Amino acid sequence: MNHITEKIKEIEAKLPAGVKLVAVSKLKPVETLMQAYEGGFRRFGENYVQELAGKFENMPKDIEWHMIGHLQSNKVKYIAPFVSMIHSVDSFKLLVEINKQAAKNDRVIDCLLQVHIAEEDTKTGMSEEELLEIINADQLKSLKNVRILGLMGMSTFTDDLYQVRREFKSLKKIFDDVKSMGKASDNFSMNEISMGMSGDWPLAIEEGSTMVRVGSAIFGSR
Ligand SMILES: *Cc1c(COP(=O)(O)O)cnc(C)c1O
């Protein structure tokens with residue numbers, strides 16, 4: 001078993017049933033991702049559109065590609081033909097564009113709404129108010145080519161694990177509040193919470209994460 005696969009199996013062995021690992025492979029070459037692939041792994045997360053499209057072109061087609069980085073509306077068209085899930089939906093405008101490009105490709109694209117939970121203000125994502133605006137928008141029902149499955153959040157980059165835990169708790173609370181609004185429909189449900197990275201994924205799971213996005217703990221530093 002190769003080294004990358006060993007790391008992945010080590011993490012997967014600690015994940016509760018139903019929690020998925022997204023291996024964040026940004027800035028790593030195809031050969032490195034292929035080690036994970038050869039070990040049977042199929043779910044990768046990328047941050048940059050051009051890099052993601054290039055890796056899709058050059059790798060086997062049974063891979064689940066997750067877009068986790070900030071996404072500009074004018075670049076959605078490059079990933080719409082193949083992307084499995086977009087974690088970083090941070091505006092209604094972007095959601096509408098994803099729907100449009102998904103329709104062109106005769107697909108339905110799974111999305112998560114990214115919420116700003118970090119106490120530092122450098123991290124992207126919507127405020128709770130913006131989130132509620134999207135959820136309550138009449139137009140949402142007409143977006144048949146996207147399927148909102150939950151929320152994504154990024155914690156502050158800090159050694160203070162109390163703070164990180166507090167931020168994860170705040171995302172879980174928003175998730176629970178939205179869920180209890182009872183708005184579930186064909187293209188909207190609250191099933192997934194994408195939170196937790198290399199330094200804090202065990203904590204994120206304790207706080208209710210269903211998808212952890214782990215990069216450097218698998219592939220090494222960037
Ligand atoms: C880079 C990145 C990760 C992974 O970070 P690591 O600390 O390397 O595990 C997770 N989520 C997002 C949004 C990222 O940009």
Side-chain angles (χ1 to χ4, degrees), residues 3-15 19-30 32-33 35-36 41 43-55 63-72 75-76 79 83-91 94 98 109-126 131 149-161 163-165 167-168 170-172 174-175 192-222:
H3 176 67
I4 301 276
T5 298
E6 267 172 35
K7 290 281 182 196
I8 287 174
K9 299 234 185 265
E10 219 173 274
I11 294 171
E12 281 187 328
K14 292 178 187 152
L15 299 179
V19 176
K20 297 182 208 77
L21 172 64
V22 178
V24 176
S25 46
K26 62 177 173 227
L27 307 177
K28 297 294 175 184
V30 164
T32 305
L33 279 66
Q35 291 189 43
F41 194 77
R43 191 182 302 110
F44 296 94
E46 289 282 336
N47 285 61
Y48 311 105
V49 166
Q50 205 175 0
E51 183 179 350
L52 173 53
K55 284 175 175 167
I63 291 171
E64 217 183 273
W65 291 104
H66 291 239
M67 175 62 186
I68 63 169
H70 180 66
L71 180 58
Q72 288 172 281
K75 295 199 174 156
V76 174
I79 60 171
V83 72
S84 284
M85 179 179 264
I86 299 174
H87 292 227
S88 44
V89 178
D90 61 358
S91 72
L94 179 59
I98 294 168
I109 297 179
D110 290 342
C111 294
L112 302 177
L113 301 175
Q114 185 178 357
V115 183
H116 178 95
I117 53 167
E119 290 168 14
E120 68 177 357
D121 49 32
T122 52
K123 296 273 162 70
T124 48
M126 298 182 265
L131 173 71
L149 291 181
L151 305 179
M152 184 272 231
M154 275 183 91
S155 62
T156 303
F157 185 71
T158 172
D159 290 338
D160 182 354
L161 292 183
Q163 178 176 349
V164 171
R165 190 184 288 279
E167 293 172 357
F168 287 155
S170 75
L171 186 60
K172 177 61 160 61
I174 295 169
F175 175 90
E192 305 286 352
I193 310 183
S194 168
M195 63 183 186
M197 316 196 333
S198 290
D200 54 25
W201 66 264
L203 212 100
I205 286 171
E206 286 175 22
E207 299 304 332
S209 174
T210 67
M211 299 183 104
V212 292
R213 309 178 309 271
V214 180
S216 47
I218 296 169
F219 297 110
S221 58
R222 290 178 294 270

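Indexing begins at 1, ligand by ligand and atom by atom, following the structure's order. Numbers here simply count residues along the sequence, with the first being 1. Note that the structure is a prediction, hence the values are computed from the model and not measured. The figures here come from the full heavy-atom set of this structure, side chains too, leaving out hydrogens, waters and symmetry mates.
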>> So, using ring-ring contact (aromatic ring centres under 6.0 Å, His included) as the criterion, who are the partners of Phe219 when residues are at least two apart?
In response: none
> So, the side chain of Arg222 versus the backbone of Lys28: is there a donor-acceptor pair under 3.5 Å, distance only?
Replying inline: no
> Would you say the side-chain atoms of Thr156 pair up with the backbone N or O of Thr158, donor to acceptor, closer than 3.5 Å?
Replying inline: no
> Can you name the residues that form a side chain to side chain donor-acceptor pair (under 3.5 Å) with Glu51, not counting sequence neighbours?
Replying inline: Lys55
>> For Ser198, give me all partners under side chain to side chain donor-acceptor pair (under 3.5 Å), at least two apart in sequence or on another chain.
In response: Ser216
> If you count the non-hydrogen atoms of other residues, nucleotides and ligands that lie under 6.0 Å from CD in Glu6, is the total more than 12?
Replying inline: yes
> Which parts of the protein, at residue level, reach under 4.0 Å of ligand 1 through a heavy atom?
Replying inline: Val24, Lys26, Asn47, Ile68, Met154, Met197, Ser198, Arg213, Val214, Gly215, Ser216, Arg222
